[in-house]
2 protein chains.
Amino acid sequence: MGNSDSAAQVQSVDRAISVLELLAQGEAGITEIAGELGVHKSTVSRLVSVLEARGLVEQLGERGKYAIGFGVVRLAGAATGRMDLTKLGQPVCQTLADSFGETVNIAVHDAGVAINITQARGSAAVSAVNWIGQRTPLHATSSGKVLLAYLPADERARLVSLPLDSYTEKTVVDGAQLLTELDAVASQGFAACFEELELGLHAVAVPVRGHRGEVVAAMSASGPSYRLSRQRVEEIVPAMSTAAADLSAQLGYFAG
Amino acid sequence: MGNSDSAAQVQSVDRAISVLELLAQGEAGITEIAGELGVHKSTVSRLVSVLEARGLVEQLGERGKYAIGFGVVRLAGAATGRMDLTKLGQPVCQTLADSFGETVNIAVHDAGVAINITQARGSAAVSAVNWIGQRTPLHATSSGKVLLAYLPADERARLVSLPLDSYTEKTVVDGAQLLTELDAVASQGFAACFEELELGLHAVAVPVRGHRGEVVAAMSASGPSYRLSRQRVEEIVPAMSTAAADLSAQLGYFAG
DNA sequence: GACACACGTTCCGAATGACGCAACACAATG
DNA sequence: CATTGTGTTGCGTCATTCGGAACGTGTGTC
């Protein structure tokens with residue numbers, strides 16, 4: 001889908017987008033837009049009316065001159081936020097993956113699950129699974145625990161009070177126990193996960209902060225239990241915390 | 001227009017915008033969007049198809065999951081570019097206007113004319129005219145001359161070669177004479193205009209630079225000839241140049 | 001393997017929503 | 001005042017959009 005050169009499937013939406021693109025090049029009036037697009041000015045008037053009602057188009061000082069509105073900037077925030085994190089995070093993850101030999105991911109919180117948005121594989125990675133875009137349970141992954149730990153208390157309590165699925169016999173599904181663990185995560189600055197999601201899988205994660213200091217993502221390293229032992233986890237945490245702090249700084253976070 | 005609570009004038013466009021707003025909160029699949037909007041999934045599929053074909057929506061790693069695309073960021077650039085200059089420039093203009101007692105504007109170049117995007121009035125301002133959004137001729141205004149002076153030579157020559165309108169008997173309409181004056185503007189760093197647009201109106205402008213050092217706007221002070229004499233113009237240029245340099249720095253320009 | 005389920009895509013006919021036309025309202029100019 | 005230019009609104013028509021259903025694909029279970 002999205003590869004069609006043929007007529008747009010919804011012509012009026014296609015036209016509205018053409019209006020936006022025209023206005024992105026500079027403000028214009030209804031008659032001018034109509035001339036550029038080759039449609040009637042009453043059609044343009046209606047299209048612009050909807051776009052303006054929803055904030056995607058606005059009039060500047062001169063009446064009858066329309067320009068791109070702030071509503072577009074708000075929509076764009078979703079893409080730029082993702083791009084910054086993905087684009088800046090990828091080399092950081094790769095450096096760590098090359099250093100540890102394990103897989104390093106960045107995950108964000110969305111609607112009660114963790115979503116992996118970046119992945120870098122180390123040379124020793126035995127798993128071919130691509131985690132990008134995959135949703136994983138917050139309570140049973142190291143990334144998820146980091147994301148949970150730094151949520152506002154009421155939101156955290158709400159998510160933890162939902163029924164928690166068990167993936168292995170080591171999965172923590174007791175809410176009170178999990179909350180206690182999350183308090184420890186918040187104070188020690190990392191979360192570890194030993195075979196809670198999958199037998200033989202160990203992982204550790206640290207927080208990544210946005211420019212306002214809020215935790216926007218978790219960066220995790222994962223590998224098989226025989227390689228990523230509990231002791232090794234403790235050993236790699238400082239390097240991960242440093243890398244995450246670097247990434248946070250790149251995202252605009254100044255701890256000073 | 002744009003104040004209607006009633007049914008949207010173009011329902012399909014309104015629906016497409018609702019899709020974008022939903023995706024701005026986080027990625028989603030077709031069935032999920034359909035459920036949220038209360039429309040059939042084939043309708044959503046078609047809307048998303050158009051949005052994707054035009055780059056406003058894209059699929060991340062997981063097939064069937066849609067998110068806001070980079071095309072929205074491109075559209076937003078038109079609004080953010082305008083906002084930075086306007087938002088940061090407004091207090092700078094107001095400070096100058098309070099200091100001089102005259103009206104201070106910022107204008108940008110668009111399609112052969114100067115457009116005022118910011119205005120601050122001083123206490124002595126006698127004119128109630130709101131210049132925001134107004135288009136003024138490049139060759140007959142101080143702002144316009146600054147904008148012309150710093151254009152690439154071929155673009156400047158092209159604009160100057162067009163027929164130049166005369167607004168008063170002092171308006172310079174001879175291309176060669178204007179080019180000579182523009183060379184002087186570029187070397188002295190400001191442009192003055194004495195009754196070329198309107199009898200009794202004097203103005204002086206200085207350049208504002210964007211982060212790459214290019215001149216992106218002109219900041220001007222204007223007032224009646226009896227108050228803004230030629231001598232006073234020379235006196236206020238240093239303060240204006242300093243303020244414009246401040247604004248340029250805020251826009252990311254480092255002269256070093 | 002078969003089957004069930006879930007998802008996104010595509011075809012189809014019905015109808016309604018979007019279209020262009022024309023009139024209207026408003027502003028600017030001479 | 002008349003003229004010109006712009007954006008808005010009402011109207012009838014029909015082309016576009018809609019929802020239903022079938023289809024293709026992927027996943028999970030037995």
Side-chain angles (χ1 to χ4, degrees), chain A residues 1-19 22-23 27-54 57-67 129-131 133-136 165 167 198, chain B residues 1-19 22-23 27-53 57-67 128-131 133-136 165 167 198:
Chain A
M1 188 172 70
N3 55 2
S4 170
D5 293 335
S6 61
Q9 295 194 30
V10 188
Q11 180 181 247
S12 53
V13 172
D14 196 66
R15 279 179 172 163
I17 296 172
S18 294
V19 169
L22 209 54
L23 294 181
E27 59 176 39
I30 299 291
T31 308
E32 185 179 346
I33 297 169
E36 295 279 339
L37 298 192
V39 301
H40 197 268
K41 62 180 179 172
S42 67
T43 298
V44 172
S45 182
R46 279 191 296 267
L47 294 173
V48 168
S49 172
V50 175
L51 294 169
E52 190 175 20
R54 302 296 290 264
V57 162
E58 65 192 19
Q59 299 188 55
L60 299 182
E62 187 178 353
R63 181 168 171 79
K65 286 290 182 184
Y66 296 90
V129 66
N130 183 353
W131 288 96
Q134 292 297 305
R135 296 168 169 243
T136 55
D165 291 338
Y167 300 93
E198 188 178 318
Chain B
M1 186 171 73
N3 55 2
S4 170
D5 293 334
S6 61
Q9 294 195 25
V10 187
Q11 181 180 241
S12 53
V13 172
D14 195 66
R15 279 178 173 165
I17 295 171
S18 295
V19 170
L22 210 53
L23 294 181
E27 60 175 39
I30 299 293
T31 307
E32 185 179 348
I33 297 170
E36 295 278 340
L37 298 191
V39 300
H40 196 269
K41 61 180 181 175
S42 66
T43 298
V44 173
S45 183
R46 278 191 298 266
L47 292 174
V48 169
S49 172
V50 174
L51 294 169
E52 191 176 17
V57 163
E58 66 193 18
Q59 296 187 58
L60 299 182
E62 187 178 357
R63 179 168 174 80
K65 288 289 180 181
Y66 295 91
V129 65
N130 184 349
W131 288 96
Q134 292 298 304
R135 294 166 172 248
T136 55
D165 291 337
Y167 301 93
E198 190 177 315

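Naming: A, B, ... by sequence-line order, numbering from 1 per chain.
- The interatomic distance linking Q9(A) (CD) with dG19(D) (P) rounds to 14 Å, in whole Å.
- Listed candidates were dA18(C), dT16(D), dC18(D). Nearest to the side chain of V10(B) is dA18(C).
- Under the 3.5 Å distance criterion, with hydrogens and angles disregarded, a donor-acceptor pair is assigned to the side chains of R54(A) and S18(B).
- dG17(C) atom P lies 18 Å from atom CZ of R15(A), rounded to whole Å.
- Between the NZ atom of K41(B) and the P atom of dG19(D) there is a distance of 13 Å, rounded to whole Å.
- Between the CD atom of Q59(A) and the C1' atom of dC26(C) there is a distance of 14 Å, given to the nearest Å.
- Across the protein-nucleic acid pair, L47(A) atom CG and dC19(C) atom C1' stand 10 Å apart, rounded to whole Å.
- Between the NZ atom of K65(B) and the P atom of dT25(D) there is a distance of 21 Å, rounded to whole Å.
- For T43(A), no side-chain nitrogen or oxygen approaches OP1 or OP2 of dA18(C) to under 4.0 Å.
- The nearest heavy atom of DNA chain D to G29(A) and to V44(B) marks one nucleotide each, and the one closer to the 5' end goes with G29(A).
- Taking for each of S12(A) and A28(A) the nucleotide of DNA chain D with the nearest heavy atom, the 5'-most of the two is the partner of A28(A).
- For S42(A) and dA22(C), the shortest distance from a side-chain N or O to OP1 or OP2 is not below 4.0 Å.
- Using a 4.5 Å heavy-atom cutoff, the side chains of L47(A) and V39(A) are not in contact.
- Out of dG20(C), dT17(D), dG7(D), the shortest distance to the side chain of V39(A) is found at dG20(C).
- Residues E32(A) and K65(A) meet the side-chain proximity criterion, which asks for heavy atoms closer than 4.5 Å.
- Y66(A) is listed as a side-chain neighbour of I30(A), based on a closest heavy-atom distance under 4.5 Å.
- A heavy-atom distance below 4.5 Å is found between the side chains of L51(A) and I17(B).
- Rounded to an integer number of Å, the gap from NE2 of H40(A) to C1' of dG7(D) is 12 Å.
- Rounded to whole angstrom, the span from the CZ atom of R46(B) across to the P atom of dC11(C) amounts to 12 Å.
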